[in-house]
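Note sheet for the following structure.
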2 protein chains.
Amino acid sequence: MSNQRVVAAGGAAEVGAGCEPAVLREQPVTEAQAAELARVFKALGDPVRVRLLSLIASHDGGEVCVCELSGAFDLTGPTISHHLKVLREAGLVTGERRGTWVYYRAIPEALAALAEALRPATVAGAGA
Amino acid sequence: MSNQRVVAAGGAAEVGAGCEPAVLREQPVTEAQAAELARVFKALGDPVRVRLLSLIASHDGGEVCVCELSGAFDLTGPTISHHLKVLREAGLVTGERRGTWVYYRAIPEALAALAEALRPATVAGAGA
DNA sequence: CGTCTATCTTGATAGACATCGAATCAGTGG
DNA sequence: CCACTGATTCGATGTCTATCAAGATAGACG
């Protein structure tokens, strides 16, 4: 199979990419927007993944080695790897291999798009 | 049993209530914060619930009758009721019975707390 | 009180998911 | 080339969840 699976599969970034901002409270989201948002929210629907994302996103230098992440949990390597894959496929993080180690990095646009979706409506109808 | 189960069980609102703002990207969240955030994110991890919340939160007058919500989906009543219960227990919406009908209303603080958690760090270290 | 409508609860079932152990892949260094 | 370490994938398993049909509750209305 491919040799570089450690790459985002295009997910959350699309929520606020080329389309409307999709502000949840401004107008009803379309079925497609809801599906995309739910996909990303579901990725965050696990305490381990929330902590993983927080550890990655708040880390100095912007990237963290998997070995450092694994050490923060009472979970086996494969389980951490699984959770990182879910975050990757949701478009929230990317992983890059450097030598023996793999470094993860958050995707700010994806987090911004989510925050945007939850934001209060500008004035209550002024957004139209 | 009780007669007024249609009430929030205290969930998301606590994320940003009396404690720290818990900004995901500012510093690593605690295990408790991660658990609470994941609880709410999980509630949003379903396309039906995202649409339900959006329909409720963006509705003129701030409230929507269940009958109106049910009509927007190809799902049975019990299923819609189940999803509304999940949103309620996550602290994202409240339901109030008025006569034969039940009206749902979003809880702005809960949505704001979530958006806050995803917000970019103020300056990148200035928050310390 | 009986009936009708709207909503919720219960019970059952099929599918999804978190977790682990074992095996595999990628790179380093003898 | 072989052994070693770090990370991922594969396969299995127990638990959770989305959905529905059937039944129960709450209130309106005769």
Side-chain angles (χ1 to χ4, degrees), chain A residues 1-9 31 34-35 38-53 56 63-90 93-105, chain B residues 1-9 31 34-35 38-53 56 63-90 93-105:
Chain A
M1 302 336 179
S2 86
N3 51 354
Q4 269 298 94
R5 283 256 200 52
V6 185
V7 161
E31 249 174 280
R39 236 171 61 88
V40 184
F41 281 131
K42 176 149 49 172
L44 290 175
D46 183 288
V48 175
R49 290 197 290 267
V50 170
R51 279 185 66 201
L52 279 172
L53 179 64
I56 296 171
E63 63 180 14
V64 195
C65 174
V66 171
C67 58
E68 189 170 345
L69 294 172
S70 294
F73 298 86
D74 275 339
L75 294 170
T76 64
T79 299
I80 297 296
S81 203
H82 160 69
H83 285 303
L84 287 171
K85 182 179 183 179
V86 173
L87 289 175
R88 237 171 18 209
E89 287 178 341
V93 303
T94 44
E96 180 197 354
R97 168 152 238 145
R98 265 202 316 277
T100 308
W101 297 276
V102 175
Y103 294 88
Y104 276 81
R105 184 178 288 273
Chain B
M1 289 96 172
S2 85
N3 51 355
Q4 269 297 94
R5 281 257 203 51
V6 186
V7 161
E31 250 175 278
R39 235 172 62 88
V40 183
F41 281 131
K42 175 149 52 171
L44 290 175
D46 183 288
V48 174
R49 290 197 288 266
V50 170
R51 278 185 66 201
L52 279 172
L53 178 64
I56 296 171
E63 63 180 14
V64 195
C65 174
V66 171
C67 58
E68 189 171 344
L69 294 171
S70 294
F73 297 86
D74 275 339
L75 295 171
T76 64
T79 299
I80 297 295
S81 202
H82 159 70
H83 286 302
L84 287 172
K85 182 179 183 179
V86 173
L87 289 175
R88 237 186 303 140
E89 288 179 340
V93 303
T94 44
E96 180 197 354
R97 169 153 239 145
R98 263 201 318 277
T100 308
W101 296 275
V102 175
Y103 294 88
Y104 276 82
R105 185 179 288 272

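Within every chain, numbering begins at 1; the chains are lettered A, B, ... in the order of the sequence lines, protein sequences first and strands thereafter.
- Rounded to whole Å, atom P of dC17(C) lies 14 Å from atom CG of Leu87(A).
- Across dA18(C), dT7(C), dT19(D), the shortest atom-to-atom separation from the side chain of His82(B) is found for dT19(D).
- Between Thr79(B) and Val48(B) the shortest side-chain heavy-atom distance does not fall below 4.5 Å.
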Verdict with reasoning, Leu84(B) to Leu69(B), per side-chain contact (heavy atoms from CB on, under 4.5 Å): CA-CA 10 Å; Leu84(B) 287 172; Leu69(B) 294 171; 4.1 Å; yes
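- Glu31(B) pairs by the salt bridge (Lys or Arg N to Asp or Glu O under 4.0 Å) definition with Arg51(A), not counting sequence neighbours.
- Side chain of Ser70(B) to backbone of Val66(B): a donor-acceptor contact under 3.5 angstrom is found.
- If you measure from atom OH of Tyr103(B) to atom P of dC8(C), you get 13 Å, rounded to the nearest angstrom.
- No contact: Ile80(A) has no heavy atom under 4.0 Å from any strand.
- Here the side chain of Arg49(A) pairs no donor or acceptor atom with the backbone of Ala38(B) at under 3.5 angstrom.
- Closest to the side chain of Thr100(B), from the set dA21(D), dT8(D), dA6(C), is dA6(C).
- Looking at heavy-atom distances under 4.0 Å, Gly77(B) makes no contact with the nucleic acid at all.
- Atom pair Leu75(B):CG and dT17(D):C1' shows a separation of 14 Å (rounding to whole Å applied).
- The interatomic distance linking Glu89(B) (CD) with dT9(C) (C1') rounds to 12 Å, in whole Å.
- Listed nucleotides dA26(C), dT9(D), dT7(C) differ in distance to Val66(B); the shortest reach to its side chain belongs to dT7(C).
- Closest to the side chain of Thr76(B), out of dA7(D), dT9(D), dA21(D), is dA21(D).
- Within the 4.5 Å cutoff, the side chain of Leu44(B) has no heavy atoms near those of the Leu44(A) side chain.
- The phosphate of dC8(C) has OP1 or OP2 within less than 4.0 Å of a side-chain N or O from Tyr104(B).
- Side-chain contact between Leu87(B) and His83(B): absent, with no pair of heavy atoms (C-beta onward) separated by less than 4.5 Å.
- Out of dA26(D), dT19(D), dT19(C), the shortest distance to the side chain of Arg97(B) is found at dA26(D).
- If you find the closest nucleotide of DNA chain C to Thr79(A) and to Lys42(A), the one lying nearer the 5' end belongs to Lys42(A).
- The Cys65(A) side chain lies nearest to dA7(D) when the options are dA7(D), dT19(D), dA18(C).
- We find that CZ of Arg88(A) is positioned 10 Å from C1' of dA7(D), with the value rounded to whole Å.
- Set against dC17(C), dG6(D), dC8(C), the side chain of Val102(B) has dC8(C) as its closest nucleotide.
- Not one side-chain nitrogen or oxygen of Arg98(A) sits closer than 4.0 Å to the OP1 or OP2 atom of dA26(C).
- Which of dA18(D), dT9(C), dT19(D) sits closest to the side chain of Arg49(B) comes down to dA18(D).
- For the pair Trp101(B) CH2 and dT5(C) P, the computed distance is 12 Å after rounding to whole Å.
- Defining each end axis of the helix from dC1(C)-dG30(D) to dG30(C)-dC1(D) as the rotation carrying four pairs' C1' atoms onto the next four, with five pairs an end, the two axes are found to diverge by 10° to 10 degrees.
- The NZ atom of Lys85(B) sits 13 Å away from the P atom of dA18(D) (whole-angstrom rounding).
- Rounded to an integer number of Å, the gap from CG of Leu84(B) to C1' of dT7(C) is 10 Å.
- Minimum atom distance to the side chain of His83(B) is reached by dT19(D), of the listed dC20(C), dT19(D), dC17(C).
- For Ala35(A), the side chain to side chain contact (heavy atoms under 4.5 Å, CB included) test picks out no residue, with sequence neighbours left out.
- Closest to the side chain of Cys67(A), out of dA7(D), dC20(C), dA18(C), is dA7(D).
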